[in-house]
Amino acid sequence: MKLQLTAIIALVMLLASCSGTRNLQQPNLLLPATIDGESTDSLSVADVEWFRLYSDPVLISIIHRTLENNRDLMKAWARIEELRQLYGVNKLNYLPVVSGLVGGNHETNDYYGEKYIPDPELSVKATVSWEIDLWGGLTQSTRRAKATYLASVENRRAVEMSLIAEAATAYINLVALENELSIVRQTLKTREEALEKSRLRYEGGLTSEIVYQQAKVEVATTAALIPGLTNRINMARNAITLLMGEFPDSKFTIGQKVLNENLPAQLPIGLPSGLLERRPDLRASELQLKAAMADVGIAYSNQFPKLVIGLTGGWENDEVANLFKSPFSYVLGNLTGTIFDFGRKRRRYKASIAAYEQARMSYEKNVLTAFTEVHNAIVTYREMQNTAERRKELRNAAFNYVDLANKQYIGGTINYIDVLDAERRYFEAQISLSNAVRDEYLALVSLYKALGGGWSRDDEIKTR
């Protein structure tokens with residue numbers, strides 16, 4: 001038996017020394033030295049914790065509740081636990097498997113011309129089997145399981161990053177709608193006061209009826225905006241409660257009704273290489289690439305025979321009384337493999353290489369997409385800043401226009417319709433500025449997300 005095992009092991013090691021794996025092409029990406037034509041440094045706005053970037057206490061509370069109760073994030077946590085356990089299973093494959101058997105059978109032989117012979121058997125056996133990792137198949141399987149597990153961790157972080165951005169976006173939209181509703185109500189109040197003045201002047205014979213009717217039209221037009229805005233606000237609130245994993249009737253109070261009109265003009269972007277380290281979706285894609293590479297190793301090792309060493313020991317007898325007086329044991333080494341399978345395993349190996357190439361292309365595309373998103377976010381943020389600045393100038397000019405028009409109307413130099421036109425322009429300028437500031441905030445959220453900000457690096461999950 002010892003000679004047979006020695007011969008088997010020598011044959012297997014000889015085959016191993018003659019084998020080799022195909023060199024796989026590695027991802028080849030030339031990272032840009034600058035982003036959007038601007039020099040970068042090691043600092044980045046993405047390194048700022050989200051609760052410092054989003055300083056509104058109500059928004060911080062919404063994000064906390066979202067990260068605690070959102071069902072997508074809870075599902076991602078469950079996926080991590082599933083893959084963590086499977087990774088543990090793969091690590092244990094290096095150890096032997098111990099199995100036991102307690103059995104009995106009652107066999108009889110009653111051949112023609114022979115005496116009836118009973119042949120019962122009772123047995124208690126234990127078997128230890130151990131697969132030797134000659135070709136690295138178990139190692140590659142463990143690497144694949146680890147990469148898949150770590151990719152699920154990064155996917156959970158990507159979900160967290162997206163949820164933070166979605167919560168901030170929903171809250172900013174809600175604040176902008178509340179601000180717009182406040183502008184509409186204030187404008188309605190002003191126009192109702194103007195309507196009352198027009199009525200008194202009309203009834204006193206100081207103005208014509210057309211001025212009074214024009215004032216009524218402006219009041220009705222403004223009042224008609226309120227139901228639509230109220231419905232949009234309710235929908236925005238429901239979107240936030242859905243993110244928080246709560247029912248639509250959950251209440252929360254808006255902290256501020258007006259967004260700050262002065263956001264930072266310049267933001268640190270960071271080094272391009274840092275984008276690959278910060279964005280969890282890119283890190284997950286890289287780990288999926290490693291898992292695909294491990295699959296190639298597994299498919300390669302499956303082309304060769306497997307060596308399994310087994311040790312079985314126990315007791316066997318035809319009587320219970322003499323069972324433990326009849327011990328036996330044997331050692332077995334099996335080198336099993338396919339002699340000829342018409343190229344099935346070879347084709348599976350080539351298919352795994354093709355799957356790796358697909359994963360590599362996906363990774364490279366994800367990297368290019370990430371840099372494109374950052375570039376677009378930078379351009380959008382800059383343009384939204386310019387737009388908000390121009391809209392602010394328009395709002396101030398429209399306010400002065402209204403003040404001047406009222407003075408000239410009182411002085412009798414212009415008609416009331418000119419006053420209404422000035423007030424209409426001022427109302428539109430207020431709404432336009434509110435929307436421009438909202439878009440500037442949303443552009444900042446998109447830039448922060450594109451740079452990989454929004455999840456805590458302190459939240460590390462151990463892999464051992």
Side-chain angles (χ1 to χ4, degrees), residues 45-80 152-180 231-256 259-260 263 267 275 278-285 366 369-370 372-374 376-378 380-381 384 434-435 437-457 459:
V45 66
D47 294 325
V48 179
E49 294 89 346
W50 61 263
F51 51 83
R52 298 186 186 277
L53 183 71
Y54 306 131
S55 56
D56 188 305
V58 177
L59 176 55
I60 291 176
S61 175
I62 290 173
I63 293 177
H64 273 302
R65 290 159 69 178
T66 298
L67 297 181
E68 290 174 359
N69 302 319
N70 185 269
R71 298 305 188 269
D72 289 332
L73 191 57
M74 295 170 69
K75 179 180 177 182
W77 275 111
R79 177 62 174 167
I80 288 175
S152 70
V153 175
E154 297 300 336
N155 285 330
R156 192 272 306 170
R157 289 172 178 160
V159 171
E160 179 180 314
M161 184 179 69
S162 297
L163 287 174
I164 291 172
E166 288 181 29
T169 298
Y171 181 75
I172 291 169
N173 281 322
L174 178 59
V175 171
L177 288 172
E178 292 279 6
N179 182 49
E180 185 174 347
N231 181 62
R232 290 170 63 189
I233 288 173
N234 289 332
M235 298 292 287
R237 284 181 171 272
N238 290 342
I240 292 176
T241 55
L242 179 61
L243 281 174
M244 295 189 299
E246 300 176 3
F247 290 100
D249 57 352
S250 300
K251 302 297 182 183
F252 57 91
T253 304
I254 300 256
Q256 59 184 32
L259 298 173
N260 182 14
L263 288 176
L267 292 174
L275 190 62
R278 284 193 302 267
R279 284 193 46 154
D281 57 335
L282 295 184
R283 293 164 64 174
S285 182
N366 290 339
T369 300
T372 301
E373 289 175 353
V374 172
N376 292 340
I378 294 172
T380 301
Y381 181 65
M384 289 301 101
S434 177
N435 292 337
V437 174
R438 174 203 63 195
D439 293 341
E440 185 180 3
Y441 268 83
L442 295 179
L444 177 60
V445 172
S446 297
L447 177 59
Y448 185 57
K449 178 185 177 184
L451 290 172
W455 58 273
S456 174
R457 285 167 179 77
D459 182 21

Peer 1: Any heavy-atom pair between the side chains of Y381 and L444 that's under 4.5 Å?
Peer 2: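 Yes, their side chains come closer than 4.5 Å.
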Peer 1: Checking N173 side chain against T169 main chain: does a donor-acceptor pair fall under 3.5 Å?
Peer 2: yes
Peer 1: Take I164 and V445 through the side-chain contact (heavy atoms from CB on, under 4.5 Å) test and state the conclusion after the steps.
Peer 2: CA-CA 9 Å; I164 291 172; V445 172; over 6 Å; no
Peer 1: Find out whether V58 and Y171 are in side-chain contact, i.e. whether some heavy atom of one side chain is under 4.5 Å from a heavy atom of the other.
Peer 2: yes
Peer 1: My understanding is that only residues two or more places apart in sequence, or in another chain, count here; which of them pass salt bridge (Lys or Arg N to Asp or Glu O under 4.0 Å) with E373?
Peer 2: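 Listed in chain order: R279.
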Peer 1: For S434 versus N179, what's the shortest heavy-atom pair and its separation?
Peer 2: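 Looks like OG-ND2, 2.9 Å.
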Peer 1: Given side-chain contact (heavy atoms from CB on, under 4.5 Å), test M244 with T241 step by step and report yes or no.
Peer 2: CA-CA 5 Å; M244 295 189 299; T241 55; 4.1 Å; yes
Peer 1: Would you mind reporting whether Y54 and I62 have side-chain heavy atoms less than 4.5 Å apart?
Peer 2: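 A side-chain contact under 4.5 Å is absent here.
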Peer 1: With R79, which residues qualify under salt bridge (Lys or Arg N to Asp or Glu O under 4.0 Å), at least two apart?
Peer 2: E82
Peer 1: Should L447 and T380 count as side-chain neighbours, where that means a heavy-atom distance under 4.5 Å?
Peer 2: no
Peer 1: Which heavy atom of V374 sits nearest to which heavy atom of A450, and what is that distance?
Peer 2: CG2-O, 3.4 Å
Peer 1: With rounding to the nearest 0.5 Å, note down the distance linking CG in L177 to CZ in R232.
Peer 2: 5.0 Å
Peer 1: Does this structure show an ion pair linking E154 with R157, if we count only N-O contacts that are shorter than 4.0 Å?
Peer 2: yes
Peer 1: Evaluate the side-chain proximity of D281 to N366: yes if any heavy-atom separation is below 4.5 Å, no if none is.
Peer 2: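 No, side chains not in contact.
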Peer 1: Starting at CD of E246, measure out to OG1 of T66 and round the result to the nearest 0.5 Å.
Peer 2: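 The OG1 atom of T66 is 8.0 Å from CD of E246, to the nearest 0.5 Å.
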Peer 1: Taking all non-hydrogen atoms of both residues into account, name the closest pair between A236 and L174 and its distance.
Peer 2: CB-CD1, 3.9 Å
Peer 1: List the atom of A370, the atom of L282, and the distance in Å for their closest heavy-atom pair.
Peer 2: CB-CD1, 3.7 Å
Peer 1: With a 4.5 Å cut-off on side-chain heavy atoms, are I172 and R438 touching?
Peer 2: yes
Peer 1: Is there side-chain contact between E180 and N435, with at least one heavy-atom pair below 4.5 Å?
Peer 2: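 They are in side-chain contact.
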Peer 1: Begin with the C-alpha distance, continue with both residues' side-chain angles, and end with the deciding distance and a verdict on side-chain contact (heavy atoms from CB on, under 4.5 Å) for I60 and W50.
Peer 2: CA-CA 9 Å; I60 291 176; W50 61 263; 4.2 Å; yes
Peer 1: Measuring from L59:CG to H64:NE2, what's the distance to the nearest 0.5 Å?
Peer 2: 10.0 Å
Peer 1: Please check: side-chain N/O of S162 versus main-chain N/O of A158, any donor-acceptor pairing under 3.5 Å?
Peer 2: yes
Peer 1: How long is the span from the CG atom in N155 to the OG atom in S285, to the nearest 0.5 Å?
Peer 2: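 Here the rounded value is 9.5 Å.
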Peer 1: Out of curiosity, L73 CG to E68 CD, how far, rounded to the nearest 0.5 Å?
Peer 2: 10.5 Å
Peer 1: Checking side chain to side chain contact (heavy atoms under 4.5 Å, CB included) between E160 and each of L67, N70, D72, which is the one that passes?
Peer 2: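 Testing E160 for a side chain to side chain contact (heavy atoms under 4.5 Å, CB included) against L67, N70, D72 leaves exactly one candidate, L67.
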Peer 1: Do the side chains of R237 and E178 get nearer than 4.5 Å, heavy atoms only?
Peer 2: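 Yes, their side chains come closer than 4.5 Å.
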